[in-house]
A.B. asks: 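This structure is in structure tokens; I'll ask about it shortly.
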Amino acid sequence: QVQLVESGGGLVQAGDSLRLSCEVSGRTGSRYSMGWFRQAPGKEREFVAAIRWSDGDTYYADSVKGRFTISRPNAKNTVYLQMNSLKPEDTAAYYCAITRNLVVLTDQGAYDYWGQGTQVTVSS
């Protein structure tokens, strides 16, 4: 059984930083790409960032580009999302997910397994 567990969320002020972690366990091997999505109250879940397992290429939503960094050190089973210069509009539940898809990483429909989410709240 595959499990994804996110951690690192919390309540911060605008301009602060947070680092989210997502650890994957179970029989998955290591050949999967990893992504972060978020869902704010009353809104649909949206893509935040992704990293492709085969070449380490990263992808970001325009709204977080330059502020967030996704990483997966040594292509192991943990992915991080470093979030700097946080804004109130970044407030959401953040979810990590994994996929064996190599082409489409920004579409949540491409992902096979999801975590339960971690809440990030940014006060103004």
Side-chain angles (χ1 to χ4, degrees):
Q1 184 175 356
V2 178
Q3 281 192 313
L4 285 71
V5 179
E6 303 99 332
S7 62
L11 172 62
V12 297
Q13 293 186 330
D16 286 350
S17 298
L18 276 177
R19 189 177 79 157
L20 304 184
S21 302
C22 174
E23 184 173 357
V24 181
S25 62
R27 302 181 67 176
T28 62
S30 62
R31 295 184 178 185
Y32 49 83
S33 300
M34 304 181 79
W36 286 96
F37 291 77
R38 66 186 182 186
Q39 187 169 21
K43 295 187 177 181
E44 294 187 353
R45 189 159 54 186
E46 63 177 4
F47 170 76
V48 176
I51 184 166
R52 182 184 290 123
W53 71 264
S54 57
D55 54 15
D57 277 1
T58 56
Y59 302 86
Y60 297 94
D62 288 343
S63 59
V64 307
K65 203 170 293 184
R67 299 187 298 123
F68 290 12
T69 303
I70 188 172
S71 63
R72 184 183 177 187
N74 299 318
K76 296 298 184 182
N77 63 340
T78 301
V79 65
Y80 301 96
L81 185 67
Q82 177 66 42
M83 306 187 295
N84 298 330
S85 303
L86 283 162
K87 304 175 181 180
E89 50 263 45
D90 294 319
T91 295
Y94 283 71
Y95 300 87
C96 69
I98 62 173
T99 176
R100 299 196 183 280
N101 194 310
L102 289 177
V103 178
V104 180
L105 298 182
T106 60
D107 182 355
Q108 58 182 309
Y111 288 79
D112 304 305
Y113 297 96
W114 291 81
Q116 293 299 308
T118 186
Q119 180 66 35
V120 172
T121 303
V122 185
S123 64
S124 58

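Note that the coordinates shown come from a computational prediction; the quantities given were computed from them, not determined experimentally. We count residues from 1, following the sequence as given.
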A.B. asks: For Q116, look at atom CD and say whether over 12 heavy atoms of other residues, nucleotides or ligands are found less than 6.0 Å away.
C.D. replies: no
A.B. asks: Is it the case that the side chain of N74 and the backbone of K76 share a donor-acceptor pair, with hydrogens and angles ignored and the cut-off at 3.5 Å?
C.D. replies: no
A.B. asks: Hydrophobic clusters here meaning ILVMFWY residues chained together by side-chain heavy-atom distances under 4.5 Å, can you tell me if V79 and F68 are in one?
C.D. replies: yes
A.B. asks: Taking the side chain as every heavy atom from C-beta outward, state whether V2 and I98 have any atom pair closer than 4.5 Å.
C.D. replies: yes
A.B. asks: Are the side chain of E6 and the backbone N or O of C96 linked by a donor-acceptor pair below 3.5 Å?
C.D. replies: yes
A.B. asks: What pair of heavy atoms forms the shortest contact from S124 to P88, and how long is it?
C.D. replies: CB-CG, 3.8 Å
A.B. asks: Filter on ring-ring contact (aromatic ring centres under 6.0 Å, His included), then keep only pairs touching residues 28-63, sequence neighbours left out; what's left?
C.D. replies: F37-F47, F37-Y111, F37-W114
A.B. asks: Any side-chain heavy-atom pair from N77 and E23 closer than 4.5 angstrom?
C.D. replies: yes
A.B. asks: Donor-acceptor pair, S123 side chain versus V12 backbone, under 3.5 Å?
C.D. replies: yes
A.B. asks: Quick one: CG on L18 to CD on Q82, what's the gap to the nearest 0.5 Å?
C.D. replies: 8.5 Å
A.B. asks: Which heavy atom of A92 sits nearest a heavy atom of A40, and at what distance?
C.D. replies: CB-N, 3.8 Å
A.B. asks: Do any pairs count as a side chain to side chain donor-acceptor pair (under 3.5 Å) and have a residue in residues 89-100, sequence neighbours left out, and if so which ones?
C.D. replies: R38-D90, R38-Y94, R67-D90
A.B. asks: List for me each residue that meets side chain to side chain contact (heavy atoms under 4.5 Å, CB included) alongside S71, sequence neighbours excluded, and say none if there are none.
C.D. replies: P73, Y80
A.B. asks: Give a yes or no on whether K65 atom NZ has more than 12 heavy-atom contacts from other residues, nucleotides or ligands under 6.0 Å away.
C.D. replies: yes
A.B. asks: Quick one: CZ on R19 to OG on S17, what's the gap to the nearest 0.5 Å?
C.D. replies: 12.0 Å
A.B. asks: Output the distance between atom OG (S33) and atom CZ (R72), rounded to the nearest 0.5 Å.
C.D. replies: 7.5 Å
A.B. asks: Atom CG in D57, atom CD1 in I51: separation rounded to 0.5 Å?
C.D. replies: 8.5 Å
A.B. asks: For the CG atom of L4 and the OG atom of S25, what is their distance to the nearest 0.5 Å?
C.D. replies: 7.5 Å
A.B. asks: With rounding to the nearest 0.5 Å, note down the distance linking CZ in R52 to CG in N101.
C.D. replies: 9.0 Å
A.B. asks: If hydrophobic clusters are built from ILVMFWY residues whose side chains come within less than 4.5 Å, do L105 and M34 share one?
C.D. replies: no
